Amino acid sequence: MDGYIIKPMEGEEEIVGKGYVHYRSWHETYPGLVDAGYMEGITLEKCTAIAHRWPDNILVAKDGERVIGFVGWGASRDEALPGHGEVFAIYVLAEYHGKKVGYALMNAAFERLSAYPKIAVWVLKGNDRAIRFYERYGFRFDGGSAQVTLGGPNTELRMIYERKA
């Protein structure tokens, strides 16, 4: 893991750091996939407020004192998937892509989701880098999709990880 640590998010500095990673990652990942006007509304202040409202079930990746990524997990919110776990969000700063930070975050979330035989994740259609990451991790598309409005119409695709028996 090259000196990064993965830990539960704690304290104001880590909450603010998670907000920054959320903000920066959106602006690194979604231009061209999400309406530009909607993207303008994804501000550091908004992402930091979200981090304060959702402090539970968040792990952060840290390089020294700097938060460089995070993952959120829990029971699936999808009524069609009773008994499934879900990775709600996973983001890593672009400068840390390719350094296994995402894998370390996913492994740590999976440890906390160990009671679930299947784990879901939703990915924005066209987010090819994320899709490749999830596929390498072992997720597969199951045909589930949802229409979301992010300033304009977008499609989220559902992927499922099935633990080996």
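A quick note: this is a predicted structure, and the numbers were derived from the prediction, not measured. The first residue of the sequence shown is numbered 1, and numbering continues consecutively from there.
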In this structure, is the centre-to-centre distance between the rings of Tyr137 and Phe110 below 6.0 Å? yes
Taking every heavy atom of Ile90 against every heavy atom of Met106, the minimum-distance pair comes out as CD1-N, 4.1 Å
With a 4.5 Å heavy-atom cut-off, do Phe133 and Tyr103 have their side chains touching? yes
For residues Val21 and Val67, report the shortest heavy-atom separation together with the two atoms involved. CG2-O, 3.4 Å
Heavy-atom pair with the smallest gap, counting every atom of Ser145 and Leu157: CB-CD2, 4.0 Å
Please report the C-alpha distance between Ile6 and Leu105 in whole Å, then the side-chain angles of each, then the deciding distance to 0.1 Å, and finally whether the side-chain contact (heavy atoms from CB on, under 4.5 Å) criterion is met. CA-CA 7 Å; Ile6 308 296; Leu105 284 164; 3.8 Å; yes
With sequence neighbours excluded, residues passing side-chain contact (heavy atoms from CB on, under 4.5 Å) with Arg140: Glu135
Say whether Val60 and Trp26 are linked into one hydrophobic cluster, either directly or through other cluster members, by side-chain heavy-atom distances under 4.5 angstrom. yes
Do Val16 and Ile5 belong together in a cluster built from hydrophobic side chains that touch within less than 4.5 Å? no
Cluster check Trp54, Tyr23: I/L/V/M/F/W/Y, side chain < 4.5 angstrom: yes
Correct closest heavy-atom pair for Ile42 and Cys47 would be CG2-SG, 3.8 Å
Polar side chain donor-acceptor pair, Asp35 to Tyr30, under 3.5 angstrom: no
Step by step, work out the side-chain contact (heavy atoms from CB on, under 4.5 Å) result for Phe139 and Ile131. CA-CA 9 Å; Phe139 284 88; Ile131 290 168; over 6 Å; no
Considering all heavy atoms, the nearest Ile68-Lys62 contact: CG1-N, 4.2 Å
Atom NZ of Lys7: over 12 foreign heavy atoms under 6.0 Å: yes
Quick one: does any side-chain atom of His22 pair with a main-chain N or O of Thr48 as donor and acceptor, under 3.5 Å? no
Main-chain N/O of Ser25 paired with His27 side-chain donor or acceptor, under 3.5 Å: no
So which atom in Phe70 and which in Lys18 form the shortest heavy-atom distance, rounded to 0.1 Å? CE1-CE, 3.4 Å
If the condition is side-chain hydrogen bond (donor to acceptor under 3.5 Å, both in side chains), which residues does Glu13 pass it with, not counting sequence neighbours? none
Using the rule that two of Ile, Leu, Val, Met, Phe, Trp, Tyr join whenever any of their side-chain heavy atoms come within less than 4.5 Å, decide whether Ile50 and Leu44 are in one cluster. no
Show me, pair by pair, the donor-acceptor contacts under 3.5 angstrom made by side chains of residues 111-124, not counting sequence neighbours?
{"from": "Arg112", "atom 1": "NH1", "to": "Ala108", "atom 2": "O", "distance (Å)": "3.1"}
{"from": "Ser114", "atom 1": "OG", "to": "Glu111", "atom 2": "O", "distance (Å)": "3.3"}

Which residues pass the side-chain contact (heavy atoms from CB on, under 4.5 Å) test with Ala109, not counting sequence neighbours? Val71, Trp73
Mind running side-chain contact (heavy atoms from CB on, under 4.5 Å) on Arg66 and Leu93 for me, showing each step along the way? CA-CA 11 Å; Arg66 183 181 184 208; Leu93 294 174; 3.4 Å; yes
Salt bridge check: are Glu40 and Lys46 linked by an N-O gap of less than 4.0 Å? no
Qualifying residues under side-chain hydrogen bond (donor to acceptor under 3.5 Å, both in side chains), relative to His52, sequence neighbours excluded: Glu12
Residue pairs passing the side chain to side chain donor-acceptor pair (under 3.5 Å) test with at least one member in residues 152-164, sequence neighbours excluded, are Asp78-Arg158, Asp142-Arg158, Gln147-Thr155
Within the structure provided, determine whether His84 and Ile160 are in side-chain contact (heavy-atom separation under 4.5 Å). yes
